[in-house]
Amino acid sequence: MSSRTASRALRSSLKQISRPASQQQRTFLSAALNAGRQTAARQTAPKATVAAQQIRGVKTVDFAGHKEEVFERADWPRDRLLEYFKNDTLALIGYGSQGHGQGLNLRDNGLNVIVGVRKGGASWKEAEQDGWVEGKNLFDIDTAISKGTIIMNLLSDAAQSETWPHIKPMLTKGKTLYFSHGFSPVFKDQTKVEVPSDVDVILVAPKGSGRTVRTLFREGRGINSSVAVYQDVTGKAEEKAVALGVAVGSGYLYKTTFEKEVYSDLYGERGCLMGGIHGMFLAQYEVLRERGHSPSEAFNETVEEATQSLYPLIGANGMDYMYAACSTTARRGAIDWSKRFKDALKPVFDDLYTSVKTGEETRRTLEYASQKDYRAKFEAEMEEIRSLEIWRAGKAVRSLRPENN
């Protein structure tokens, strides 16, 4: 389905991505308005316009006829962040993917952030490699919580449940409890994470891995994040959450609830973000191989063209743009077959959402993580995936890319 039109469009998109960070720092709103103008200029099918009303710190944006509130990084410049958090110590508990990304961004923004992890463990050593200094901004968990005014619990979901009986008594009145996932408090019947009644409880959930949070921050771009309040004791919980969202590297933040964040997150990563897309890749690849196509052809037509050509176009300009950039033959077939795929897959996605909302996915996760040999079992699953022909073929295909030669 390759086309010169798609290639030209991709090159144009990549040029935009490769511009200096200073040129990329458009606000979310201006990007949305510009995208609307570009769409009109291409004379594609008419869309609802993006309209917004702005007051300091919040905007009401019309998303396809549905009005939502969003917060922008531009409303929280660095000087304002420093003033807002001048009396706070941000105690970041855990130094995994999100802890690493958010912690380094907070530090680079000049805020008073400390890291709390188990002394001598793998995370402690990683933190030291990133420049955190024992006794200055690197402490054991208990010490970090005692010093912190804002406790950022970025331990894994399973670890939050395991450590909660020890951590909860240290969350004294006046502190703020911060999460980046609604998992623990929402599924408290299973996790046993019942938050204290006298502290603000907030959430900032970046929509990407901690590595992406860090990379986009360093590029001057910023990731989008959801923001929510679980408990507002001071009357300032939402403002505090938004400020922290910008401080950890968000470009813009949209309002949600703890429940909706965890439902959509668990649902998405099992669906289109990871599980569903991997299953679809495998199904298409296997049919091509069974019908006599070579591994290289099957991989190129299944994964390489998707990730290197078409998906970037969708991300930059939308599905309609990607369709318009391809041949009439490709466009006609894709539109026709998309309806069949939707009809076939929607019942599966509906079952998945039910499994998330009822807590079945939480039960499976906690049960799995509680097994002493779960890391070994996970590695065995990863080895099984690495051994699949599709990904062994992919390794060879990637080695042929010009940038890898």
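Nothing fancy with the numbering, it's 1 onward along the sequence. Model, not experiment: these values are computed from the prediction.
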Measure the acute angle between the ring planes of [X] and [Y], then classify it against the limits of 30° and 60° as parallel, tilted or perpendicular.
{"X": "Phe179", "Y": "Phe258", "value": "perpendicular"}
{"X": "Tyr311", "Y": "Phe281", "value": "parallel"}
{"X": "His100", "Y": "Tyr95", "value": "perpendicular"}

Would you check if the side chain of [X] reaches a backbone N or O of [Y] as a donor-acceptor pair within less than 3.5 Å?
{"X": "Arg331", "Y": "Ala325", "result": "no"}
{"X": "Ser264", "Y": "Glu261", "result": "yes"}
{"X": "Arg363", "Y": "Glu367", "result": "no"}
{"X": "Lys175", "Y": "Gly148", "result": "yes"}
{"X": "Asn404", "Y": "Leu400", "result": "no"}
{"X": "Gln160", "Y": "Asn153", "result": "yes"}
{"X": "Thr149", "Y": "Asp88", "result": "no"}
{"X": "Ser355", "Y": "Asp351", "result": "no"}

- Query: Do Lys255 and Glu238 meet the salt-bridge criterion of a basic N to acidic O distance under 4.0 Å?
  - Reply: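 So Glu238 pairs with Lys255 through a salt bridge.
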- Message: For the residue pair Arg107 and Trp132, would you count it as a cation-pi contact if the rule is NZ or CZ under 6.0 angstrom from the ring centre and within 45 degrees of the ring axis?
- Response: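 Satisfied, under 6.0 Å and within 45°.
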- Item | Lys NZ or Arg CZ of Lys147 over Phe139 ring: under 6.0 Å, within 45° |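 Yes, Lys147 and Phe139 form such a contact.
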Between [Y] and [X], is there a side-chain heavy-atom distance shorter than 4.5 Å?
{"X": "Leu155", "Y": "Ile167", "value": "yes"}
{"X": "Val248", "Y": "Val213", "value": "no"}
{"X": "Asn105", "Y": "Arg214", "value": "yes"}

- Message: Does Tyr323 form a side-chain contact (heavy atoms from CB on, under 4.5 Å) with Ile314? I'd like the steps, not just the answer.
- Response: CA-CA 9 Å; Tyr323 278 150; Ile314 298 170; over 6 Å; no
